[in-house]
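Computed over heavy atoms, backbone and side chain alike; hydrogens, waters and symmetry mates excluded. Labels below follow one simple rule: chain letters A, B, ... track the order of the sequence lines, proteins then strands, and each chain is numbered from 1.
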Amino acid sequence: MKIKPTIPKGTRDFGPKEVYKRNYIFGTIRSVFEKYGYQPLETPTMENLETLTGKYGEEGDQLLFKVLDSGDFLKDVKPDVYESKDAKKLSFAIASKGLRYDLTIPFARYVVMNQNEISFPFKRYQIQPVWRADRPQKGRYREFYQCDVDVVGSNSLLNEAELVQIYDEVFHKLGVAVTIKLNNRKLLAGLAEMSGVSDQLIHLTVAIDKLDKIGAEGVTKELITRGINPSVLDFLIETDGMENREKLAKIKEHLKNSAIGLQGVAEMETVLNYLDMAKLYGANVEFDLTLARGLNYYTGTIFEVKANAAEMGSIGGGGRYDNLTGMFGLNGVSGVGVSFGAERIYDVMEELGLFPNTVARGTMALFINFGGEHERVALGYLQKLRKAGISAELFPSDDKMAKQMKYANAKNVHFVVFVGEEELKREKITVKNMLTGEQNELVIEQLITLLHQA
RNA sequence: GUAGUUGUAGCUCAGUCGGUUAGAGCGCCUGAUUGUGGUUCAGGAGGUCGCCGGUUCGAACCCGGUCUUCUACCCCA
């Protein structure tokens, strides 16, 4: 039976060229993480479903990929659940594992499980794929990588400043001009309090988060349908576009009767002060009161990164969560972390042509195969190159020269090496630079020197 | 979950009003060229027109379903 080869919706293959580019991004991110003292962590692809459910809101639960139990999993399903044909109920009866939805919850689970071995503050990074069962579209896939960096067990706002520095340095190294937006959930809570809608904080933040998308009118409409007085909006519009410090002064005045609001003001001020000392490479830092972010476990500073020159959703985000480990029974551990959206960074860099040519560098040297004795001699030279740390290969059969040369071309080989009749006699090799077409007869030691310089 | 969109050669895409043998460019293979690729010329291979069903004398084309692609909404990286 012949079946058409396909891959599941929202997933992708990565060919050699793509993997080179992706590794360039991952490598850059990893090196910066390590430079700031973060250590690697990896967790299983699957978590127990109870670890995952209820952490991402109702919508999030819908987007979890569940893993079917092994064996005769229908045996113990209660008849009423089975008969009800309620897919949601049934799925929890026959699946007790799920694919991870992000890296933060597994991290929290890890911290609680290993709390006796970990010395706090614990700084970890994690670069692994996550899975979400939603509809794919631009910049959204069902399988994608996240690069998370978090520190738990420290309340210091130095951590917040450090994460901004990490964002700045990574995007500086990748050549992507970005704006790092900052806000603080306590400020949003203060705004809600001043409007007398503290209990509606989530709806308020979701609505104002859309300001740049649907405009003031749209947000006003949404607030009214939620029963929230839209006058909050006036203040946001009034302060929009102000300098960070000016905006901070304004909101300090506005929230002077809100204890939690003033705390947010103080935190934001501290973070901005630290950043003044930090001397960033070039990222634009913007205090943006309309930044809200969906995940409801954030409690303090929140972050979001956007590329300045590309139409793309956020390419990174994160925030402080005061009690993430509380849901697993460990209270009083505050953490803060951010995530890099590697796939979107890839798309932005592709769009803007920011990948250096060197990321897809092919094999340095290819030996043309002339068969027989020539092949054996070439094999010896080949190993000398490899021992010298030069990537080299010998064409595996003595096919026609044109075919071998075409192979070299397609693979972006930099130098082609000939060991034929003449070379064999003189104990030399002929090397051809595939870019310039230039050709020279050398001894093997000279070739090694040449390739080391290239 | 809602709405639109896409699917034809390995790739990018044409394909008229439903008509008999489904095309192009690129790529691939062979030769011109038995030690030189990226240029040129000649020839060749390669198709269940996403899949299932319907209408019709006849379907790549019309209708229904389904899968898929991309996009917007919700939500999110």
Side-chain angles (χ1 to χ4, degrees), chain A residues 1-12 15 25 29 56-64 87-88 100-104 127-148 202 205-207 209-210 213-214 218 222 292-296 303-307 311-319 338-348 366-371 374 395 398-424 429-439 441:
Chain A
M1 188 179 67
K2 196 170 127 186
I3 54 160
K4 196 178 183 177
T6 56
I7 54 173
K9 184 196 285 209
T11 64
R12 297 151 300 158
I25 293 174
I29 290 172
Y56 310 106
E58 241 175 83
E59 300 264 358
D61 284 355
Q62 308 262 348
L63 299 179
L64 288 173
K88 214 184 288 178
R100 75 170 97 80
Y101 179 91
D102 69 2
L103 301 177
T104 308
I127 299 176
Q128 287 189 283
V130 303
W131 291 269
R132 296 184 188 178
D134 67 353
R135 291 278 172 90
Q137 53 183 275
K138 187 176 186 183
R140 302 177 68 169
Y141 308 98
R142 286 185 154 185
E143 177 184 63
F144 62 97
Y145 272 74
Q146 286 193 332
C147 311
D148 272 29
I202 291 173
T205 54
V206 167
D209 196 31
K210 294 179 191 164
K213 207 169 184 179
I214 61 177
E222 181 154 341
R293 296 198 58 76
L295 291 172
N296 50 27
F303 309 82
E304 190 160 291
V305 183
K306 289 202 162 190
E311 280 296 318
M312 178 66 76
S314 67
I315 55 177
V338 297
S339 181
F340 289 75
E343 336 281 329
R344 289 189 176 176
I345 293 170
Y346 181 101
D347 290 346
V348 166
L366 172 80
F367 285 80
I368 296 294
N369 191 327
F370 290 101
H374 311 91
F395 198 85
D398 58 345
D399 286 342
K400 293 204 322 184
M401 175 95 30
K403 185 177 168 75
Q404 301 195 40
M405 293 301 281
K406 274 189 179 177
Y407 173 83
N409 251 356
K411 235 183 139 174
N412 227 341
V413 168
H414 293 227
F415 295 91
V416 166
V417 183
F418 303 85
V419 188
E421 209 57 50
E422 292 301 307
E423 289 85 355
L424 211 57
I429 52 95
T430 298
V431 60
K432 173 169 182 154
N433 183 327
M434 290 298 275
L435 288 179
T436 61
E438 190 187 347
Q439 207 161 308
E441 200 175 74

Can you tell me the distance, in whole Å, between the NZ atom of A:K403 and the P atom of B:G38?
14 Å
Just checking A:F340: base, sugar-phosphate only, or nothing, at a heavy-atom cut-off of under 4.0 Å?
nothing
Write down the distance between CZ (A:F418) and P (B:G35), rounded to a whole number of angstrom.
11 Å
Look at all strands and tell whether A:G318 reaches a base, only sugar-phosphate, or nothing, counting heavy atoms closer than 4.0 Å.
nothing
Might you work through the side-chain hydrogen bond (donor to acceptor under 3.5 Å, both in side chains) test for A:T11 and A:E143, ending with a clear yes or no?
CA-CA 6 Å; A:T11 64; A:E143 177 184 63; 5.8 Å; no
Report which part of the nucleic acid A:G139 touches: base, sugar-phosphate, or nothing (heavy-atom distance under 4.0 Å, all strands).
base
Any base atoms under 4.0 Å from A:E423, or only sugar-phosphate, or nothing? Heavy atoms, all strands.
base
Looking at A:R140 and B:C75, is any side-chain donor or acceptor paired with a base atom of the opposite kind under 3.5 Å?
yes
Among the candidates B:C75, B:G31, B:A3, find the nucleotide nearest to the side-chain atoms of A:R135.
B:A3
Rounded distance [0.5 Å steps], CZ in A:R142 versus CG in A:D134:
7.0 Å
Rounded to the Å, how far apart are A:K406 NZ and B:G38 P?
6 Å
Quick one: does A:K432 reach the base of B:U36 with a side-chain donor-acceptor pair under 3.5 Å?
yes
d(OH, A:Y141; C1', B:U68) in whole Å
16 Å
Whole Å only: how far is the OH atom of A:Y407 from the C1' atom of B:U36?
17 Å
Decide yes or no for A:F370 and A:D398: does some side-chain heavy atom of the first lie under 4.5 Å from some side-chain heavy atom of the second?
no
Partner nucleotide, any strand, of B:C41 [Watson-Crick/G-U, under 3.5 Å]:
B:G31
Does A:R135 reach the side chain of A:R140, with side-chain heavy atoms less than 4.5 Å apart?
no
Tell me which nucleotide among B:A77, B:G35, B:C75 gets nearest to the side chain of A:V206.
B:C75
Using a 4.0 Å heavy-atom cut-off, does A:Q62 contact any base of the nucleic acid, only the sugar-phosphate backbone, or nothing at all?
nothing
Contact class for A:Q404 vs. all strands (heavy atom < 4.0 Å): base, sugar-phosphate, or nothing?
nothing
Does the structure show a Watson-Crick or G-U wobble partner for B:C62, both distances under 3.5 Å? Name it, or say none.
B:G54
In whole angstroms, how far is the P atom of B:C73 from the CG atom of A:D134?
13 Å
B:C70 OP1/OP2 closer than 4.0 Å to side-chain N/O of A:Q137
no
Need one value for A:K210: base, sugar-phosphate or nothing, where a base atom within 4.0 Å counts as base even if backbone is also close, heavy atoms only.
sugar-phosphate
Using the side-chain heavy atoms of A:K9, tell me which of these nucleotides is nearest: B:U68, B:A77, B:G37.
B:U68
Once you apply a heavy-atom cut-off of 4.0 Å, does A:S314 come out as touching a base, just sugar-phosphate, or nothing?
sugar-phosphate
Using a heavy-atom cut-off of under 4.0 Å over every strand shown, decide if A:G60 touches base, sugar-phosphate, or nothing.
nothing
Once you round to the nearest 0.5 Å, how far does CG of A:N369 lie from NZ of A:K403?
13.0 Å
Give one of base, sugar-phosphate or nothing for A:I7, where a contact means two heavy atoms less than 4.0 Å apart.
nothing
Determine, answering yes or no, if A:F144 is stacked on B:A77 under the 5.5 Å centre rule and the 30° plane rule.
yes
Once rounded to the nearest 0.5 Å, what's the spacing between atom CD of A:Q128 and atom CG of A:D102?
12.0 Å
